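Quantities reported herein were computed from a predicted structural model and do not represent experimental measurements.
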Amino acid sequence: MVTSDEGDGDVQPLWLSDGPTTAELWTRMHAEHVRSGLWPLLLDSLDPGDREFRPWGSGEVFPEQMSSPVNHDPADLLAQWWTTYTAVEEDDDMLDIDRRLAVTAPFGQTWPGLASSRETTTNLDQLAAEFAQAFLADRPQTRLGLVAAASGAEALTAAGWAGPCNYDNDTAKFSAVVRDWEHRFGARVVAVGFSTLHLGVASPPVDEHEALQVAAEHFAFCPDNIWQGSRPHTLTAYAERITGAHHWDFWWD
């Protein structure tokens with residue numbers, strides 16, 4: 001059991017395997033969730049050779065600092081974040097106003113609203129299992145975590161994960177958005193790192209219009225995906241990359 005750094009050392013929000021896990025074990029635990037109430041997470045460390053396996057092995061998790069996902073409206077959160085991250089500062093020495101607005105073109109500073117939900121015939125469990133296998137092939141040091149939570153979105157808060165803390169230290173807000181994506185796009189939380197989040201997605205956007213709206217949500221949720229992702233650093237380029245993609249990856253600097 002992982003003991004949180006916060007409080008008096010009596011909070012243990014998750015179980016962590018002693019060593020690397022397998023896709024088969026993750027898949028079995030995922031299938032058992034309905035009975036066990038434990039959501040399995042593939043847990044990655046800050047660095048591949050990190051002996052402490054931060055943040056999980058070092059106890060850098062803070063469940064008592066978090067609110068509840070049910071206290072937050074995902075549409076309101078995304079709109080607020082969009083307004084914050086598209087604001088143009090006159091003294092910004094990195095980008096001039098035109099280049100700043102070009103990042104989020106064609107929307108500029110105008111929040112486009114939520115993307116429409118999409119129905120799917122994809123087997124969500126099979127898709128998540130395939131993504132877990134691919135993730136482990138790329139990161140063999142990954143361990144298994146088990147969190148008492150109703151869903152992967154809620155597991156992020158229950159575990160006390162603080163990955164996006166440079167933007168907001170209440171993970172429940174991010175959980176609220178991910179929970180909404182679970183319903184609208186068939187998203188599943190598969191893996192979590194020090195400041196990374198990896199979702200399997202059953203119903204990704206399939207055309208340019210849908211992809212742009214989803215890209216806007218991703219920018220509001222995690223602007224570093226675009227600000228510091230692959231070039232060119234624009235919403236339109238990012239939308240092309242997520243069109244038809246069955247996994248969404250986020251990282252906060």
Side-chain angles (χ1 to χ4, degrees), residues 62-92 94-118 149 151-185 187 189 192 194-199 201 204-205 209-229 233-239 241-242 248-253:
F62 311 99
E64 293 185 297
Q65 292 183 12
M66 311 302 178
S67 62
S68 170
V70 301
N71 294 338
H72 305 283
D73 180 87
D76 289 344
L77 285 171
L78 290 170
Q80 292 166 13
W81 287 335
W82 175 273
T83 298
T84 298
Y85 304 143
T86 59
V88 177
E89 303 290 341
E90 293 185 1
D91 59 349
D92 189 345
M94 296 294 292
L95 295 174
D96 58 40
I97 293 177
D98 289 341
R99 291 172 63 196
R100 170 76 62 184
L101 295 178
V103 171
T104 50
F107 306 121
Q109 292 177 288
T110 303
W111 169 238
L114 297 182
S116 299
S117 59
R118 300 194 71 253
S151 69
E154 295 183 30
L156 299 174
T157 297
W161 176 62
C165 64
N166 284 346
Y167 287 92
D168 196 308
N169 57 15
D170 186 0
T171 299
K173 296 178 181 179
F174 298 90
S175 288
V177 174
V178 173
R179 187 171 65 168
D180 187 47
W181 288 344
E182 289 175 338
H183 298 307
R184 283 192 290 138
F185 304 111
V189 177
V192 191
F194 189 91
S195 57
T196 58
L197 175 63
H198 308 273
L199 311 179
V201 184
H209 174 72
E210 289 182 351
L212 275 171
Q213 285 201 292
V214 173
E217 292 191 32
H218 285 198
F219 176 79
F221 182 76
C222 179
D224 285 336
N225 265 30
I226 293 169
W227 283 343
Q228 301 192 50
H233 304 304
T234 64
L235 208 65
T236 52
Y238 181 82
R241 293 193 290 272
I242 63 170
W248 293 348
D249 304 297
F250 303 94
W251 68 280
W252 289 264
D253 192 5

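Separation of atoms CH2 (W248) and SG (C222) is listed at 13.0 Å; rounding is to 0.5 Å. Note that OH of Y238 and NE2 of H233 are 13.5 Å apart. Values are rounded to the nearest 0.5 Å. The SG atom of C165 sits 11.0 Å away from the CH2 atom of W252 when rounded to the nearest 0.5 Å. Put simply, OG on S151 and NE2 on H183 are 7.5 Å apart, with the number rounded to the nearest 0.5 Å. Once rounded to the nearest 0.5 Å, the distance linking CZ of F219 with OG1 of T86 reads 6.5 Å.
Tested against F174 for a ring-ring contact (aromatic ring centres under 6.0 Å, His included), the candidates W161, Y167, F221, W181 yield a single pass: F221.
Remark: the backbone N or O of T196 is not paired with any side-chain donor or acceptor of D249 at under 3.5 angstrom. In terms of modelled atom types and a separation under 3.5 Å, the side chain of H72 and the main chain of A176 share no donor-acceptor contact. The backbone N or O of A153 lies less than 3.5 Å from a partner atom in the side chain of S175, making a donor-acceptor pair.
Under the side chain to side chain contact (heavy atoms under 4.5 Å, CB included) criterion, A79 pairs with W111, not counting sequence neighbours. Scanning for side chain to side chain contact (heavy atoms under 4.5 Å, CB included) contacts around A239 gives A211, L212, A215, with sequence neighbours left out. Taking the side chain to side chain contact (heavy atoms under 4.5 Å, CB included) definition, one finds that A115 meets it with R184, F185, Q213, V214, E217, sequence neighbours left out.
A donor and an acceptor atom, one from each side chain of H218 and N225, are nowhere located under 3.5 Å apart.
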